[in-house]
Amino acid sequence: MKHLKKNKFLHLMVAIFLLKGIFYGVYAIPLHMGSTPDDVGHLSYVAYMAKEHKIPVLFKTKFEETSYRNYDDVLKNRDVIDSNYLINEGEYRESEDYNYIAQHPPLYHLYLLPFYLVTTMFTSQLSNIVIVLRLATIPLGIITLLCLYKTLELLNAGDIAKKCAIVCFTFSSAMQYFLTIVDNDAMVICLSSVSFYLFIKYLKQANIKDLYLFAAASGGIVITKYTGAVVLPAYALIYLYHCVVRKKQKLSDFTKQSAICLAIFGVMVAPVLIQNYVRYELLFPKYDSFEMRYNYSLYQFISKIKYFDIMFRNIVNYTGWMVMVVTSKTMKVLCSLIVSYIFFLKSTKFKGLWFIPFVTATIISLELSMEYLTGFIISVISCIMLLSISKYDLTSQQDKDDKEVCILSLAMILSYVIVVFVSQYKLFVAYGMARALHGRYYYVLVLPFFWLIFRNLNLYNEKATKYLPAITFLMCIYSETILAYLGMMQW
């Protein structure tokens with residue numbers, strides 16, 4: 001009966017995520033180009049494949065004319081009437097700029113291609129095509145949600161931990177936004193979650209089929225977006241440790257299953273990489289050259305753009321494209337409060353509630369007086385807490401599988417954050433301005449991050465944790481209301 005209730009909760013969350021996705025895709029987010037990141041490029045990518053039956057070429061293929069004209073009209077504040085923008089055969093002659101999205105591999109766009117072809121059989125109106133492609137992206141979010149629940153269940157997370165994580169995901173305005181819009185990050189987030197679940201399942205149940213499916217999902221990540229591959233070395237190291245050190249697997253068995261995994265992975269990625277080398281003489285083509293045009297130091301990069309404050313706000317909630325919706329001060333305080341309280345419980349095992357008003361007063365005081373230092377202080381303290389709590393979990397955890405998951409999660413987070421930080425710095429010295437700061441780039445870490453934050457909450461006094469799901473729900477609803485309102489105001 002208890003298991004049935006848990007399933008009812010999951011089914012309810014999936015239904016809510018689906019309904020909210022439809023609301024976001026059709027009503028909350030404007031249907032014109034420029035309302036979501038790189039939407040002109042992704043739509044042009046799909047339209048080009050539909051017309052030419054091949055993948056677009058970087059620095060050669062331009063934007064699809066109708067979507068580009070729609071974007072240009074919105075940019076110049078012209079009247080945008082949906083019925084005026086019709087995609088017929090997809091023209092590319094008049095666009096001045098090259099489609100920089102052609103640097104990306106094609107899996108997400110191949111996924112959208114059947115939906116585009118069927119839709120254009122019945123309508124050529126741009127807004128209708130956008131709606132269908134957005135709705136086609138929502139299942140990727142549902143799969144991510146299911147993987148999150150199944151992973152927490154597999155790792156024996158308590159009921160409070162599962163509810164907090166699922167509520168945070170389901171009612172996260174940023175998560176719902178990026179798993180609804182036409183953007184290949186949605187598939188990267190989905191496949192990253194699938195691969196994490198499959199790898200954890202392999203560690204816990206030793207089913208070799210899960211390992212092979214993990215290899216296929218990892219290949220899917222690479223041929224969706226190359227930057228997603230940054231997390232894969234952490235898997236390789238844990239896999240090596242698990243098989244050779246912990247399980248003391250025979251060399252012949254280890255070699256055989258590793259070769260099969262590499263073969264599966266190779267079959268997935270080889271066609272794309274070979275085509276890249278033939279076209280560009282590069283395995284991973286890039287639109288940005290990262291040529292250093294400005295002599296900025298790392299300190300200048302961090303201080304000039306208020307990096308820590310921006311990233312804190314962006315990861316919590318940062319959506320939009322032409323019109324941005326950033327995290328409000330209230331959201332910063334509430335989010336910091338919840339995370340700090342959870343870390344406090346884990347670090348001291350203190351069951352009292354006096355820490356809540358203390359942290360609230362401290363953060364509000366800092367927020368009102370020193371906005372930049374607030375983000376910096378919170379970021380530094382969060383990193384210290386994450387490492388210290390993880391160290392505590394590693395030394396006190398009896399389950400060796402859970403230790404491996406903890407190490408894997410930390411390795412994935414640290415390696416990915418460092419690589420993204422370096423890329424952002426390179427873009428800054430190349431263009432003299434902050435670029436690629438969307439929080440969406442970090443959402444591939446949603447499963448390991450939620451696992452580290454919410455695990456073991458069931459070990460504490462129920463009075464100290466029982467209201468956390470309700471508090472996170474109210475916080476997320478507050479954020480979603482703001483996003484939906486601001487989005488609909490753009491129509």
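We number each residue from 1, following the sequence as shown.
Side-chain atoms of N276 do not come within 3.5 Å of backbone N or O of L282 as any donor-acceptor pair. Of the possible polar contacts, one joining the N99 side chain to the G41 backbone as a donor-acceptor pair under 3.5 Å is found. The main-chain N or O of T119 is never found under 3.5 Å from a side-chain atom of T123 such that the two would form a donor-acceptor pair. In this structure, the side chain of Y68 does not engage the main chain of V40 through any donor-acceptor pair within 3.5 Å. A donor-acceptor pair is defined here as one N or O able to donate and one able to accept, closer than 3.5 Å; no such pair exists between the side chain of Y212 and the backbone of Q257. Between the side chain of Y296 and the main chain of Y425, no donor-acceptor pair closer than 3.5 Å is present. Without hydrogens or angle criteria, Y443 side chain to L179 main chain gives no donor-acceptor distance under 3.5 Å. Side-chain N or O atoms of S193 include none that pairs as donor or acceptor with a backbone N or O of C147 at under 3.5 Å.
Salt bridge status for R246 with E404: present, with a side-chain N to carboxylate O gap under 4.0 Å. For the pair R440 and D38, the salt-bridge criterion is met [side-chain N within less than 4.0 Å of a carboxylate O].
Put simply, the side chain of Y100 reaches to within 4.5 Å of the side chain of F63, judged on heavy atoms. A 4.5 Å side-chain heavy-atom check between L146 and L10 finds at least one atom pair inside the cut-off. Contact check for K162 versus Y149: side-chain heavy atoms found under the 4.5 Å cut-off. Inter-residue side-chain proximity for D39 and L43 is flagged as unmet; no heavy-atom pair is nearer than 4.5 Å. Residues F196 and P448 are in side-chain contact: their nearest non-hydrogen atoms beyond the backbone lie under 4.5 Å apart. Looking only at side-chain heavy atoms (C-beta outward), Y241 and L408 stay at 4.5 Å or farther from each other. Two residues are said to be in side-chain contact when any heavy atoms from C-beta on lie closer than 4.5 Å; K201 and L213 fail this criterion. Within the 4.5 Å cutoff, no side-chain heavy atoms of T227 are placed close to those of V444.
Going from atom OH of Y116 over to atom CD1 of I129 covers 5.0 Å, rounded to the nearest 0.5 Å. Here the CZ atom belonging to F122 is positioned 12.5 Å from the CG atom belonging to N128, to the nearest 0.5 angstrom. For the atom pair CD1 of I238 and CD1 of I200, the computed distance is 9.0 Å after rounding to the nearest 0.5 Å. We find the OH-CZ distance between Y441 and F178 to be 8.5 Å, quoted to the nearest 0.5 Å.
Scanning all heavy atoms of the two residues, the minimum distance from P105 to V222 falls at CG-O, 3.4 Å. Between L31 and R134, the shortest heavy-atom contact is CD2-NH1, 3.4 Å. Here the shortest heavy-atom pairing between W451 and L152 reads CE3-CD2, 4.4 Å. In terms of heavy atoms, S195 sits closest to I221 at OG-CD1, 3.7 Å.
Enclosure of atom NZ in K225 by more than 12 non-hydrogen atoms of other residues, nucleotides or ligands within 6.0 angstrom is indicated.
Aromatic ring pairs are classed by plane angle as parallel below 30°, tilted from 30° to 60° and perpendicular above 60°; the pair Y45 and H109 is parallel. Ring geometry for Y287 versus F59: interplanar angle under 30°, hence parallel rather than tilted (30 to 60°). Relative orientation of the Y307 and F301 rings is tilted, given thresholds of 30° and 60° on the angle between their planes.
Between F214 and the choices F265, F199, Y202, the ring-ring contact (aromatic ring centres under 6.0 Å, His included) rule is met once, by F199.
There is a side-chain donor-acceptor pair under 3.5 Å between S258 and Y239. A donor-acceptor pair shorter than 3.5 Å can be found between the side chains of Q125 and S127.
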Can you give each donor-acceptor pair under 3.5 Å made by side-chain atoms of residues 13-26, sequence neighbours left out, with the distance rounded to 0.1 Å?
unit_1 : atom_1 : unit_2 : atom_2 : d
K20    : NZ     : T170   : O      : 2.8
K20    : NZ     : Q176   : OE1    : 2.7
K20    : NZ     : E480   : OE1    : 3.3
K20    : NZ     : E480   : OE2    : 2.9
Y24    : OH     : E480   : OE2    : 2.5

Stepwise side-chain contact (heavy atoms from CB on, under 4.5 Å) test for Y197 and D210:
CA-CA 9 Å; Y197 166 69; D210 293 322; over 6 Å; no
Evaluation steps, side-chain contact (heavy atoms from CB on, under 4.5 Å), between Y108 and T137:
CA-CA 9 Å; Y108 174 69; T137 303; 2.9 Å; yes
